[in-house]
Amino acid sequence: MRITALGHAGLKVETPGATILIDPWFSPEGAFQGSWFPFPDNSHLLEDPELTTPTAVVISHEHLDHVDPWFLARVPRNVPVIVPRYPSGALRTKVLAGGDRTIVEAAPWTSVGVGEGTRVFFVSESSPMNHDSAIVVQGDEHVLLNQNDARLSSIQLREIRRRVGGRVDAFAFQGAGASWYPMCYGYSAEDERRLADRKRTAKLRFATSCLDLVEPGIALPFAGPPAFLDPEIYRHNGQQEGGIFPDQSAVARWLSERGYATEVLLPGDRWDVGAHGREADPAWSEFGFDDRWPYLEAYAARRAERIAAVRARYPEPTDSLWDPFRDTFDALLGMSPYFNERIGMQVGFDVAGPGGGRWRVDFAAKHVEPEPVDVPPLVEYRMESRWLAPILDGRVPWEDFFLSMRFSVRREPDLYNDHLLGLLKFAEPESLSAVEAYERDLDLDERITLDVDGAPLSVSRYCPHAGNDLLETGEILPGGILRCLAHHYEFDLRSGRCLNGTVAPLDVRPVDR
């Protein structure tokens with residue numbers, strides 16, 4: 001088995017019987033309305049004509065830095081695309097945007113044959129609130145576990161090892177975040193640095209917890225920082241240095257210092273699993289992550305026309321957006337009483353530019369109204385009307401827009417509401433019902449005992465957010481706080497209250513000595 005980096009989260013896996021492309025992303029317009037670009041630039045790989053003739057393409061989830069319709073349009077129609085089966089049809093829709101073709105939707109843990117002697121299966125996050133999946137490739141008597149964005153539980157990781165015979169040869173995983181927090185929240189520079197460092201550290205510690213369970217032959221950190229080349233958001237490149245987007249070399253360095261065997265693969269670099277060795281692409285002989293700023297400046301210049309073309313496709317609206325805004329949220333408010341209840345607050349939208357205004361959605365009372373209202377909303381999003389218009393007419397999903405980072409948000413109190421994003425992200429009854437069923441059926445009865453400042457506490461073993469095992473993904477912070485490393489929720493061990501989100505409380509009880 002040979003594993004070639006394609007840039008960002010893209011991999012080419014070659015076995016004697018098949019060539020598989022995983023999450024290839026090459027669009028010259030980047031992703032998320034010209035906001036994200038692969039870093040470093042992977043466009044030189046397109047010169048290889050064999051790149052577009054694999055045995056199959058495998059795609060993990062629907063984010064546009066993983067499913068690229070521009071590239072898929074260049075792959076022959078007889079090449080199947082294999083995807084996980086999700087409640088939402090968003091991934092299928094984005095694949096078909098690259099042209100009609102065979103799509104194989106595989107249920108979790110269901111093995112799919114690719115070529116001769118090569119098989120693939122997906123392992124999806126337990127909670128359907130998160131449509132992310134790991135990919136396991138078996139071929140040539142070797143195993144690649146590509147965890148990607150998925151926050152798998154310890155139970156899932158152990159089951160993967162059992163199913164593949166106990167040995168994982170290579171473990172690819174995302175070392176950087178894929179979020180707009182804390183950059184878009186209007187924090188002071190000091191608070192933003194502090195929160196970004198905390199999120200970065202939690203992400204890296206989660207990676208080590210997975211490595212301890214998987215015990216791979218080699219760890220391959222990838223999907224490091226995207227490049228932000230539009231001047232409007234160019235500042236977010238600073239998140240590579242101490243922020244939530246550490247580059248691959250920073251992740252590898254952090255892990256190597258803790259005794260983990262790692263390799264950094266730049267686009268075109270190859271890892272030979274059998275020989276346990278790396279073959280470097282000569283394109284990177286003079287590249288270094290430490291010299292990123294001159295590189296990014298030149299990269300931005302090369303993509304300036306493409307970014308301008310993207311922006312031109314989203315002109316400022318000529319008519320008021322109030323009616324489509326109201327209609328959109330009237331429909332959302334009627335989809336799920338369960339989600340409305342868990343959002344349970346007023347959410348404001350401050351839309352600048354032609355056709356905009358200040359509007360709010362009351363999820364408790366289930367109605368949409370313009371300003372002014374006596375009570376300020378607990379959450380308020382601010383954006384330009386040119387970016388809201390394509391959301392309201394269905395061209396751009398809410399989550400794709402949020403990942404563009406072309407907005408700001410204020411929260412008071414500063415608590416993340418997972419159900420608010422979930423409602424906007426899915427916007428369809430079937431997906432929302434799947435989340436409701438999962439959350440209502442969570443079994444949190446099993447308990448563990450933690451020692452906190454010399455006092456034993458009986459705590460629910462599984463996180464009330466998504467059921468991750470706190471025995472292995474939980475860490476105790478100073479001040480009696482338990483952090484779940486999977487999704488970074490923090491709980492006060494005195495009260496069980498979630499400190500940074502609207503998650504149900506953790507069940508905490510004293511233990512009689």
Side-chain angles (χ1 to χ4, degrees), residues 61-62 84-91 107-108 124-133 150-151 153 181 325-349 359-369 375 377-381 391-392 394 397-402 409 411 413-445 460 462-468 470 484 486-491 496-507:
H61 65 289
E62 68 265 25
R85 182 176 298 158
Y86 293 125
S88 167
L91 177 52
S124 300
E125 284 200 37
S126 299
S127 171
M129 185 73 90
N130 306 295
H131 287 185
D132 287 312
S133 295
R151 276 70 59 93
S153 70
Y181 174 87
F325 177 88
R326 181 193 58 214
D327 293 345
T328 295
F329 278 94
D330 277 343
L332 285 171
L333 288 170
M335 283 188 185
S336 172
Y338 177 83
F339 270 74
N340 290 343
E341 179 183 349
R342 276 148 185 79
I343 299 169
M345 61 181 173
Q346 294 184 4
V347 178
F349 293 82
W359 310 315
R360 68 180 61 204
V361 182
D362 190 329
F363 285 91
K366 295 205 301 185
H367 63 81
V368 189
E369 57 197 11
V375 180
L378 301 183
V379 175
E380 184 171 52
Y381 294 99
I391 299 172
L392 299 180
W398 277 102
E399 190 174 26
D400 286 4
F401 165 69
F402 287 142
V409 59
R411 295 191 304 214
D414 190 15
L415 297 174
Y416 176 66
N417 190 303
D418 201 21
H419 291 88
L420 173 58
L421 178 60
L423 179 66
L424 297 176
K425 175 169 61 176
F426 297 129
E428 60 177 26
E430 184 178 358
S431 295
L432 300 176
S433 296
V435 174
E436 178 180 356
Y438 174 82
E439 293 185 348
R440 290 191 184 278
D441 289 343
L442 268 178
D443 183 3
L444 303 175
D445 290 340
S460 295
Y462 300 104
C463 180
H465 167 244
N468 288 86
L470 295 173
C484 178
H487 299 94
H488 312 149
Y489 285 106
E490 297 177 358
F491 299 89
R497 181 172 63 90
C498 183
L499 300 174
N500 58 350
T502 58
V503 175
L506 183 69
D507 188 4

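Atom set for the values below is all heavy atoms of this structure, side chains included, hydrogens, waters and symmetry mates excluded.
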Tell me, with the steps shown, if L470 and C484 meet side chain to side chain contact (heavy atoms under 4.5 Å, CB included). CA-CA 6 Å; L470 295 173; C484 178; 3.7 Å; yes
One should read off an interatomic distance between I343 CD1 and L421 CG, to the nearest 0.5 angstrom, of 9.5 Å
Mind checking what makes ring-ring contact (aromatic ring centres under 6.0 Å, His included) contact with F363, not counting sequence neighbours? none
Give, for atom CH2 of W398 and atom CG of L392, the distance between the pair rounded to the nearest 0.5 Å. 6.5 Å
Set of salt bridge (charged side-chain N to carboxylate O under 4.0 Å, His left out) partners for D400, sequence neighbours left out: K94
Least distance between heavy atoms, H61 atom then L91 atom: O-CD1, 3.6 Å
Anything under 30° is parallel, anything over 60° is perpendicular, the rest tilted; go ahead and classify F325 against F349. perpendicular
Using modelled atom types and a 3.5 Å cut-off, is there a donor and acceptor pairing between side-chain atoms of E125 and backbone atoms of A150? no
Sorted by chain and residue number, the side-chain hydrogen bond (donor to acceptor under 3.5 Å, both in side chains) partners of H131 (sequence neighbours excluded) come out as none
Residues which pass ring-ring contact (aromatic ring centres under 6.0 Å, His included) with H487, listed by chain and number, not counting sequence neighbours: H465
Taking N130's backbone N and O only, do any of them form a donor-acceptor pair with K425's side chain (distance below 3.5 Å, no angle check)? no
For residues S336 and E436, report the shortest heavy-atom separation together with the two atoms involved. OG-OE1, 4.5 Å
Heavy-atom closest pair, residues V379 and M345: CG2-CE, 3.5 Å
Supply the atom-to-atom distance S127 OG to N468 CG, rounded to the nearest 0.5 angstrom. 9.0 Å
Within the side chain of S431, is there an N or O that forms a donor-acceptor pair under 3.5 Å with the backbone of S88? yes
Partners meeting side-chain hydrogen bond (donor to acceptor under 3.5 Å, both in side chains) with E430 (sequence neighbours left out): none
With a 3.5 Å distance limit and no angle check, can you tell me whether Y438 reaches the backbone of A466 through a side-chain donor-acceptor pair? yes
Could you give the distance from NE2 (H367) to CD (Q346), rounded to the nearest 0.5 Å? 7.0 Å
Would you check, one step at a time, whether the test side chain to side chain contact (heavy atoms under 4.5 Å, CB included) holds for V503 with F491? CA-CA 9 Å; V503 175; F491 299 89; 4.1 Å; yes
Enumerate the salt bridge (Lys or Arg N to Asp or Glu O under 4.0 Å) contacts for residues 328-348, please, sequence neighbours excluded, ordered by first and then second residue. none
Indicate the atoms forming the closest heavy-atom contact of E428 with G89, along with that distance. OE2-N, 3.9 Å
Counterpart residues, ring-ring contact (aromatic ring centres under 6.0 Å, His included), relative to F401 (two or more places apart): F407
List in chain and number order the residues that pass salt bridge (charged side-chain N to carboxylate O under 4.0 Å, His left out) with E490, two or more places apart in sequence or in another chain; answer none if no residue qualifies. R198, R483
Considering only heavy atoms from C-beta outward, does the side chain of Y489 approach that of L506 to under 4.5 Å? no
Minimum heavy-atom distance between N340 and K366, given as atom pair plus value: ND2-CD, 3.3 Å
Can you list the residues that meet the side-chain hydrogen bond (donor to acceptor under 3.5 Å, both in side chains) rule with S133, with sequence neighbours excluded? Y86, S124
State the CG-CD distance between D132 and E62, to the nearest 0.5 angstrom. 7.5 Å
Residue pair Y462 / D445, side-chain heavy-atom distance below 4.5 Å: no
Could you pull out all residues at least two apart from E439 that satisfy side-chain hydrogen bond (donor to acceptor under 3.5 Å, both in side chains)? Y338, H419
Can any side-chain N or O of N500 pair as donor or acceptor with the backbone N or O of H488 at less than 3.5 Å? yes
Kindly give the heavy-atom pair with the smallest separation between V347 and P377, and that separation in Å. C-CB, 4.1 Å
Apply side chain to side chain contact (heavy atoms under 4.5 Å, CB included) to A427 and list each qualifying residue two or more places apart in sequence or on a separate chain. L332
Decide yes or no on side chain to side chain contact (heavy atoms under 4.5 Å, CB included) for L333 and F339, but give the supporting numbers first. CA-CA 9 Å; L333 288 170; F339 270 74; over 6 Å; no
Out of curiosity, F329 CZ to W359 CH2, how far, rounded to the nearest 0.5 Å? 10.5 Å
With sequence neighbours left out, what residues match D414 under salt bridge (charged side-chain N to carboxylate O under 4.0 Å, His left out)? R411
